[in-house]
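Working notes, structure below.
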Amino acid sequence: MRNLIDIKELTIEEIEELIKVAQDIINNREKYSHKCDGKKLATLFFEPSTRTRLSFEAAMMELGGNVLGFSAASSSSTAKGESVSDTIRTVGCYADIIAMRHPKEGAPLVAAQKSVVPIINAGDGGHNHPTQTLTDLLTIKSEKKRLDNLTIGLCGDLKFGRTVHSLITAMSRYKNIRFILISPKELEIPEYLKKEVLEKNNIKWCETRDIEEYMGELDILYMTRVQRERFFNEEDYLRLKDYYILNKEKLEKAKEDLCIMHPLPRVNEISTDVDDDRRACYFKQVEYGKYIRMALILKLLEVE
Ligand code: NCD
């Protein structure tokens, strides 16, 4: 039985296969509409979510399956003091596969050790978010037609942004990738990523405070929200929250085929005047999220 806790658990070949299946689903929706008849997906969300939870549920429904779950810890027995392990043992009696989001780093890994059904990490604290990364990879592959030879700018909260951590880990395995890490000093990527991913894989990368400095060189600009819920004090959040606001003027030097991405939700970091720019891909990215999750569910449930 396979889980998906960290994006590293998937080989490059497996990711390629998932992308192929997702693209086939996009082109042949009918063919997949009964693949999961009689199967159930549980979504256990101990933290807020719109896209991740609903795209998982929509994905399972489009495969013919059913969904159950909860969308807040307060409405589950967690509020009575139940442990993650006991919750998982329980839900394993009702569902064939579980997508779980939790504020504690490592909680889905603990869950996987206890579970009798596959566990998908739908975000664990400020750590990882592998299915957002699969979404991002499908978006990049579909929009740029490649996953190598890319200069990728990541901007905003690179410290707490779990989507950034998983994306850097995944993209570091492709050829000729260069990262431009754009953040305030306080929100730089964690040391472990610099040492164990960037340096270990000999990746080209640099850090800057200035969103415009490398704008003309970027193939991808990945904007992120400052992760308020991970801050230790509100003052720091208020000081940093509007550090970067992408607008039309800041895009003046950008390439014609730049792909602007954002895992969403957006707060202020992309001005709405960018939404109708051809290069804005973040709402397409939302749509890709459902298809790649359909492909992932099929893989983990070992459906042909
Ligand atoms: C992200 C998350 O939850 O980490 N959202 C998502 O899943 N698309 C990004 C965020 O909350 O800022």
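Remember, it's 1-based here, ligands and their atoms both numbered in the order they're listed.
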Using modelled atom types and a 3.5 Å cut-off, is there a donor and acceptor pairing between side-chain atoms of Arg101 and backbone atoms of Pro48?
yes
For a quick check under 3.5 Å, do Asp24 and Tyr32 share a side-chain donor-acceptor pair by atom type?
yes
Under 3.5 Å: donor-acceptor pair, side chain of Arg162, backbone of Gly125
yes
At a 4.0 angstrom heavy-atom cut-off, what protein residues surround ligand 1?
Thr52, Arg101, His129, Gln132, Arg162, Thr163, Arg225, Gln227, Pro263, Leu264, Pro265
I'd like to know if Glu57 and Lys290 make a salt bridge, using a cut-off of under 4.0 Å between side-chain N and carboxylate O.
no
Just jot down the side chain to side chain donor-acceptor pair (under 3.5 Å) partners of Lys8, sequence neighbours excluded, or say none.
none
Where does the angle between the aromatic ring planes of Phe70 and Phe46 fall among parallel (under 30°), tilted (30 to 60°) and perpendicular (over 60°)?
perpendicular
